[in-house]
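Data block below; observations after.
Residue numbers start at 1 and run along the sequence shown.
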Amino acid sequence: MTTDVHVRDLRYFVAVAEDLHFTRAAERLYVSQPALSKQVRALERQLGTALFRRDRHGVELTPAGTALLAHARRVLAAWEDGWAEVERAKTAQRSTLTVGMSTSPGRGGLLPSIRSRFTAAHPEAELRLRQVGWQDPTAGLADGTSDVAFVWLPLPDERRYDWTVLAEEPRLVALPETHPLAARAEIAFADLADEPFLALPPSAGVLRDHWLALPERAGRPPRIGAEIAGTEETYEALVAGLGICLIAAGNASLITLGGVVTRPVPDLPPTRYALAWRRTDGERPLVRGYAGACRGRCAEARHAPAISCRDPHRVATVVP
């Protein structure tokens with residue numbers, strides 16, 4: 001069975017078969033006549049038979065050439081259809097931006113404000129919001145299912161990503177309102193370290209460590225009361241007394257629905273909420289546009305107490 005016939009060779013063959021004239025076919029294809037003749041002869045050698053009879057009277061198809069022509073036209077038509085589908089897919093990809101998140105950004109209408117800025121600058125673009133479980137701290141960036149994502153820092157394998165910080169917030173402790181420490185106005189972390197903690201799934205990696213305040217434990221391992229993968233699970237575990245957990249100040253309203261209180265932990269460093277994207281996608285127009293909309297929102301709200309902004313994180317090493 002003959003293999004590896006190029007689409008170009010079939011296109012050259014069909015042009016000559018339709019014109020029955022090498023020079024006119026070469027002009028139509030914008031190639032030189034010698035180059036066209038060379039490619040057709042190479043195709044004939046590959047097929048093991050002549051496709052054209054050439055003599056001083058002109059050019060005509062051989063029986064083998066006649067047999068091939070209809071099939072070659074179908075192959076070229078199928079290739080054109082395939083190419084058109086690929087182009088349509090590329091266009092759709094360029095005009096669609098998937099935004100990943102594990103919890104709603106909230107924070108004073110942050111998401112609608114960013115959307116408004118982005119769509120004003122890119123009216124042709126389609127935004128798709130994608131909810132991702134806490135098992136994936138990159139909210140879809142790692143596996144490519146999100147183009148940009150609202151995430152908490154730190155990110156696993158952070159050299160793969162750039163980001164813009166949207167909020168820097170204190171970490172609070174959430175605990176049942178019946179807990180002995182709930183009577184305090186604020187709680188030192190040393191008084192919490194031996195409590196059972198609610199933990200993100202192990203797949204969250206360094207983010208799990210962050211919400212367990214591992215760096216502040218001086219090597220003492222945390223007690224894990226339960227693992228949580230969403231806001232509802234967290235609330236239910238708190239009410240059930242399975243443990244306590246650290247949360248960002250901006251997310252306190254998601255947890256304090258009754259039976260749960262939050263208290264400041266003043267000796268813990270704050271947490272950072274960011275829009276992130278893969279470094280390899282940093283020059284994509286829609287990714288740049290959405291990041292720009294976020295920075296514009298930051299600039300607009302730079303005097304709001306819970307919002308801060310900084311330039312995208314940059315590192316020297318790119319991890320593919």
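Sequence neighbours left out, the pairs with a member in residues 193-202 that pass salt bridge (charged side-chain N to carboxylate O under 4.0 Å, His left out) are Asp194-Arg220.
Side-chain contact of Arg295 with Thr164: a donor-acceptor pair under 3.5 Å is present, judged by distance alone. No side-chain donor-acceptor contact under 3.5 Å links Thr23 and Glu27.
The OG1 atom of Thr234 sits 9.0 Å away from the CD1 atom of Ile247 when rounded to the nearest 0.5 Å. For the atom pair Leu43 CG and His6 NE2, the distance stands at 10.5 Å (nearest 0.5 Å). To the nearest 0.5 Å, atoms OG1 (Thr96) and CG (Leu286) are separated by 8.0 Å. Atoms CZ and CG, on Arg24 and Leu36 in that order, are 12.5 Å from each other to the nearest 0.5 Å. Note that the NE2 atom of His210 and the OG1 atom of Thr271 stand 3.0 Å from one another [nearest 0.5 Å]. Here CG of Leu141 is found 14.0 Å from CZ of Arg279. Values are rounded to the nearest 0.5 Å.
Tyr290 pairs by the ring-ring contact (aromatic ring centres under 6.0 Å, His included) definition with Phe118, not counting sequence neighbours. Every residue meeting the salt bridge (Lys or Arg N to Asp or Glu O under 4.0 Å) condition with Arg208, not counting sequence neighbours, appears here in chain and number order: Glu227. Shown here are the side chain to side chain donor-acceptor pair (under 3.5 Å) partners of Arg45, two or more places apart in sequence or in another chain: there are none. Residues passing the side-chain contact (heavy atoms from CB on, under 4.5 Å) test with Arg115, sequence neighbours excluded: Thr119, Leu127, Leu129. Applying the side-chain contact (heavy atoms from CB on, under 4.5 Å) test to Ala67 and every residue at least two apart in sequence or in another chain returns nothing. Residues forming a ring-ring contact (aromatic ring centres under 6.0 Å, His included) with Phe13 (at least two apart in sequence, or on another chain): Phe52. Applying the side-chain contact (heavy atoms from CB on, under 4.5 Å) rule to Pro196 yields the partners Arg223; only residues at least two apart in sequence or on another chain are considered. Legend: residues meeting salt bridge (Lys or Arg N to Asp or Glu O under 4.0 Å) with Glu186, ordered by chain and number and at least two apart, are absent. Not counting sequence neighbours, the partners of Glu80 by the salt bridge (Lys or Arg N to Asp or Glu O under 4.0 Å) test are Arg11. Not counting sequence neighbours, Arg41 has no partner by the side chain to side chain donor-acceptor pair (under 3.5 Å) test. Qualifying side-chain contact (heavy atoms from CB on, under 4.5 Å) partners for Asp267, counting only residues two or more places apart in sequence or in other chains: Ala188, Phe189, Val265.
With a 4.5 Å cut-off on side-chain heavy atoms, Val206 and Leu155 do not count as touching. In this structure the side chain of Met101 never reaches within 4.5 angstrom of the side chain of Arg130, judged on heavy atoms. Counting only heavy atoms from C-beta outward, the side chains of Leu68 and Leu47 approach each other to under 4.5 Å. Side chains of Asp147 and Trp277 form no contact here, defined as non-hydrogen atoms less than 4.5 Å apart. Considering only heavy atoms from C-beta on, Trp163 comes within 4.5 Å of Val165 through its side chain. Between Ile224 and Leu212 the shortest side-chain heavy-atom distance falls below 4.5 Å. Under the 4.5 Å side-chain criterion, counting only non-hydrogen atoms from C-beta, Pro269 is in contact with Arg171. Side-chain contact between Tyr235 and Leu254 is absent, with no heavy atoms from C-beta onward closer than 4.5 Å.
Gln131 contributes no side-chain N or O that, together with a main-chain N or O of Gly100, makes up a donor-acceptor pair within less than 3.5 Å. Thr262 places no side-chain N or O within donor-acceptor distance of the main-chain N or O of Ala252, the cut-off being under 3.5 Å. At distances below 3.5 Å, not a single donor-acceptor pair connects side-chain atoms of Asp19 with backbone N or O atoms of His21. Under the 3.5 Å distance criterion, the side-chain polar atoms of Ser37 are matched with a main-chain donor or acceptor of Gln33. Side chain of Arg217 to main chain of Ala193: a donor-acceptor pair is present (N/O by atom type, distance under 3.5 Å, no hydrogens or angles).
With respect to the salt-bridge test (charged N to carboxylate O, under 4.0 angstrom), the residues Glu158 and Arg272 do not qualify.
Under the 4.5 Å side-chain heavy-atom criterion for ILVMFWY residues, no single connected hydrophobic cluster contains both Ile114 and Val132. A continuous path of hydrophobic side-chain contacts links Ile228 to Val260 [ILVMFWY only; heavy atoms under 4.5 Å].
Shown here is Arg8, whose CZ atom has more than 12 heavy atoms of other residues, nucleotides or ligands within 6.0 Å.
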Exercise for the section: Walk me through it: do Arg54 and Phe22 pass the test side chain to side chain contact (heavy atoms under 4.5 Å, CB included)? Expected result: CA-CA 10 Å; Arg54 308 161 177 83; Phe22 276 83; 3.6 Å; yes
>> Would Glu44 and Gln46 count as a side chain to side chain contact (heavy atoms under 4.5 Å, CB included) here? Give the steps.
In response: CA-CA 5 Å; Glu44 290 175 322; Gln46 190 171 4; over 6 Å; no
Side chain to side chain contact (heavy atoms under 4.5 Å, CB included) evaluation trace for Gln39 with Val31: CA-CA 11 Å; Gln39 288 302 128; Val31 298; over 6 Å; no
Q) What's the verdict on side chain to side chain contact (heavy atoms under 4.5 Å, CB included) for Phe150 and Leu166, showing C-alpha distance, side-chain angles and the deciding distance? A) CA-CA 9 Å; Phe150 292 98; Leu166 304 175; 3.4 Å; yes
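Scanning both residues, Pro264 and Leu172, for their nearest heavy atoms gives CA-CD2, 3.8 Å. Across Ile187 and Leu175, no two heavy atoms sit closer than the pair CD1-CD1, 4.4 Å. Ser203 and Gln135 make their closest contact through OG-O, 2.6 Å (heavy atoms, listed as atom of the first residue, atom of the second, distance). Closest approach of Arg278 to Gly144, counting heavy atoms only: NH1-CA, 3.5 Å. Pairing each heavy atom of Glu169 with each of Gly250, the nearest pair is OE1-N, 2.7 Å. Nearest heavy-atom pair across Ala174 and Leu238 is O-CD2, 3.4 Å.
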